[in-house]
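Counting starts at 1 for both ligands and their atoms, following the listed order.
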Amino acid sequence: MPEKVTTRTLQQMKTQRQRIVAITAYDYPSAQLADAAGVDVVLVGDSLGNTMLGYDTTLPVQLDEILHHLKAVRRGLTRALLVADMPFLSYGVSVEDAVYHAGKLMQSGAEAVKVEGATPRVLESIRAMVGIGIPVMAHLGLTPQSIHQFGGYRLQGRTASEQEALLHAAEAVQDAGAFSLVLEVIPASLAKRITESLHIPTIGIGAGVHCDGEIQVWHDILGLSEKTFKHTKRYADLRSVITHALRQYADEVRQRQFPTPEHSFELEP
Ligand code: KIV
C-alpha cells in the first residue's frame, strides 16, 4: 500500500516539486473513492453547507455538522491526509474556543484543521493550536466565510495594496505555524509570488498554475453541482448519469419490468 500522507509528506512534496492533489469529500463512499484514486489530501470542507446541506453560504454550518461528516470520511480513508474545516464562529472569537473546537475535530479523526483569514485572533489561535500539536492549514484570498464582507464571490487581490496585504497575511500564517496554505480565487501571478516566498506548500483553487498543489470541490469536478465555475473543470457529468439512471429505474418499476423473477426470492417446494 502507498505510504500514508502526513503534513511532513506535503512539505517534502513542495521541496521535491511534486504536485499535491487535494479534494473535498463529505461521506464514506467518496472518501474511499478519493483514497483509491490516490488523492493526497481530503478536506471535509464547510462547503458541505452548500454541496450537501443546501445552504446558500457556508456561514450556517455548525461544528456538529462538520463532525458528523468527518467521522464518515474518517472511516473511508486510509492513505490521504484528512483535514477538517473549522466552521464560522468555531474560531476567530476566542483562542480558547478555537483550540477546544479544533481538539474536538482531532478527536473525531481529523489529522489537521483549516481556518480562514489572518486576523490577529486567528494568528493567535493558529499559534495556540500548533502549540498543543494540532496542525493547521491556513486559507486566504476568497475566503467564503467572509463573503458578505467581500460583497460576493469576487476575485481577491485586485489592487497592488490588496496584493501586498495578501502576501503579508501569507507570511503571517506561516510564521504563526501553519503547515500549508490554501489560496482561493486570486490572480495567478500573485499566487506565484506567494508560493515562491513561502517555505510551506500552497494549494490553489482558482489561483492558477503556480501553486504547489490544487484543491477542488467534489461536486464541482464530478458534475454534481448545479452551477459551473471558471475555476473548475468537469471530469464527469454525474448529475446526468444519476438522473438518467433514476428515470430508467422509475420507468421500469412503473412498466413492471423491474423487479423480475431474477431479483426475487422463492422458497424451494
Ligand atoms: O470548504 C471548502 O470546500 C474549502 C475548499 C474550497 C478549499 O474550503
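Here the heavy atom of the protein found nearest to atom 8 (O) of ligand 1 is Lys114 NZ, 2.9 Å. The closest protein non-hydrogen atom to atom 2 (C) of ligand 1 is Ser47 OG, 3.3 Å.
The shortest separation from a heavy atom of Gln216 to ligand 1 is not under 4.0 Å, leaving the residue out of contact.
In this structure, the side chain of Thr15 engages the main chain of Gln11 through a donor-acceptor pair within 3.5 Å. Proximity of a side-chain donor or acceptor of Asp212 to a complementary backbone N or O of Thr202 within less than 3.5 Å is detected. Judged purely by atom type and a 3.5 angstrom limit, Thr143 has no side-chain atom pairing as donor or acceptor with the backbone of Gln145.
Atoms of ligand 1 found under 4.0 Å from any heavy atom of Asp85, numbered from 1 in the order shown, are 1 (O), 2 (C), 8 (O). Each of the atoms 2 (C), 4 (C), 5 (C), 7 (C), 8 (O) of ligand 1 lies under 4.0 Å from some heavy atom of Leu43. The contact set between ligand 1 and His139, taken as ligand atoms under 4.0 Å from a residue heavy atom, comprises 7 (C), 8 (O). Each of the following atoms of ligand 1 lies closer than 4.0 Å to a heavy atom of Gly45: 1 (O), 2 (C), 3 (O). Heavy-atom proximity to Ile205, at under 4.0 Å, picks out these atoms of ligand 1: 6 (C).
Side-chain contact annotation: Asp27 with Ser30, donor-acceptor N/O pair under 3.5 Å present.
Under the side-chain contact (heavy atoms from CB on, under 4.5 Å) test applied with Val44, the options Val73, Leu105, Leu67 reduce to a single match, Val73.
For ligand 1, the polar-atom distance check against Thr24 finds no nitrogen or oxygen pair separated by under 3.5 Å. The distance criterion of under 3.5 Å between nitrogen or oxygen atoms is met by Asp46 with respect to ligand 1. For ligand 1, none of its N or O atoms has an N or O atom of Glu116 under 3.5 Å away.
A salt bridge links Asp85 with Lys114: the closest approach of a Lys/Arg side-chain nitrogen to an acidic carboxylate oxygen falls below 4.0 angstrom.
Sparse packing is recorded around OH of Tyr249, with 12 or fewer heavy atoms of other residues, nucleotides or ligands lying under 6.0 Å away.
The aromatic rings of His69 and Tyr26 stand perpendicular to each other, their planes meeting at an angle above 60°, with 30° marking the opposite boundary.
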